[in-house]
Amino acid sequence: QVQLVESGGGSVQAGGSLRLSCAGSGYSYNTYCMGWFRQAPGKEREAVAAIDSDGTISYVERVKGRFTIARNSAKNTLFLQMNSLKPEDSGMYYCATDWDDGSGGHCLVARSLNYWGQGTQVTVSS
């Protein structure tokens with residue numbers, strides 16, 4: 001079955017950097033898309049970035065130029081490099097995956113995805 005395990009969260013000061021990792025198994029990167037999501041306390045889970053099965057990358061506006069999503073296909077590992085972090089970036093970060101329907105940005109839509117990791121906490125202090 002599909003399994004996802006995130007790591008790399010932590011506490012940093014504003015302006016700092018963190019690199020999140022998501023180790024996956026039970027699926028194929030060339031038919032599944034993958035995405036990162038953030039959930040702040042009391043808020044809905046929201047998309048951060050995604051990579052389609054064909055390698056196309058999408059970012060939400062608020063992280064463009066600061067975050068970079070990448071994958072190591074051989075190891076089925078997804079990464080999120082987060083630079084110039086802001087307090088509003090704080091929250092629980094989840095990776096998710098599902099079969100890519102080819103619509104583009106499928107893995108930016110949380111309700112469309114069935115496979116989730118347990119999350120890793122990111123706290124950015126001002």
Tell me whether Met92 shares a hydrophobic cluster with Ile69, the cluster being built from Ile, Leu, Val, Met, Phe, Trp, Tyr side chains joined at under 4.5 Å. no
Would you indicate whether Glu88, at its atom CD, is surrounded by more than 12 heavy atoms from other residues, nucleotides or ligands within a distance under 6.0 Å? yes
Please examine the side chains of Leu113 and Cys107, heavy atoms only from C-beta on, and report whether any two atoms are closer than 4.5 Å. yes
Quick one: SG on Cys22 to CZ on Arg71, what's the gap to the nearest 0.5 Å? 13.0 Å
Do the non-hydrogen side-chain atoms of Thr120 and Ser7 ever get within less than 4.5 Å of each other? no
Minimum heavy-atom distance between Ser126 and Pro87, given as atom pair plus value: CB-CG, 3.8 Å
For Phe67 and Leu85: C-alpha separation, side-chain torsions, deciding distance, then whether side chain to side chain contact (heavy atoms under 4.5 Å, CB included) applies. CA-CA 9 Å; Phe67 290 12; Leu85 282 162; 3.8 Å; yes
Rounded distance (nearest 0.5 Å) linking atom SG of Cys95 with atom CG of Leu78: 6.5 Å
Mind listing the closest non-hydrogen atom pair of Tyr94 and Gly117 along with its distance? CD2-O, 3.5 Å
Contact check, side chains of Met82 and Leu20, non-hydrogen atoms, under 4.5 Å: yes
Test applied, side-chain hydrogen bond (donor to acceptor under 3.5 Å, both in side chains); reference residue, Ser53; option that passes from Asp100, Asn30, Thr31, Asp101: Asp100
Sort and list the pairs that fulfil salt bridge (charged side-chain N to carboxylate O under 4.0 Å, His left out) and have at least one residue in residues 22-47, not counting sequence neighbours. Arg38-Glu46, Glu46-Arg62
So Tyr29 and Thr77, do their side chains get closer than 4.5 Å, heavy atoms only? no
Under the ring-ring contact (aromatic ring centres under 6.0 Å, His included) test, residues paired with Tyr32 that sit two or more places apart: Tyr27
Heavy atoms only: give me the nearest Val5-Gln118 pair and the separation to one decimal. CA-OE1, 3.7 Å
Do Asp98 side-chain atoms and Asn114 backbone N/O form a donor-acceptor pair below 3.5 Å? yes
Shortest non-hydrogen separation from Ser84 to Ser17 and the atoms involved: N-OG, 4.4 Å
For the side chain of Glu6 and the backbone of Gly119, is there at least one donor-acceptor N/O pair under 3.5 Å apart? yes
Side-chain donor/acceptor of Asp52 to backbone N/O of Asp54, under 3.5 Å: no
Less than 6.0 Å separating the ring centroids of Phe37 and Trp116? yes
Distance check, rounded to the nearest 0.5 Å: Met34 atom CE versus Leu80 atom CG? 11.5 Å
Of the non-hydrogen atoms in Ser58 and Leu108, which two are nearest, and what is the gap between them? CB-CD1, 3.6 Å
Roughly how far, to the nearest 0.5 Å, is OG1 of Thr68 from CD1 of Ile57? 8.0 Å
So which atom in Thr97 and which in Cys33 form the shortest heavy-atom distance, rounded to 0.1 Å? OG1-O, 2.6 Å
Under a single-linkage definition using a 4.5 Å side-chain heavy-atom cutoff for Ile, Leu, Val, Met, Phe, Trp and Tyr, are Phe79 and Leu4 assigned to the same hydrophobic cluster? no
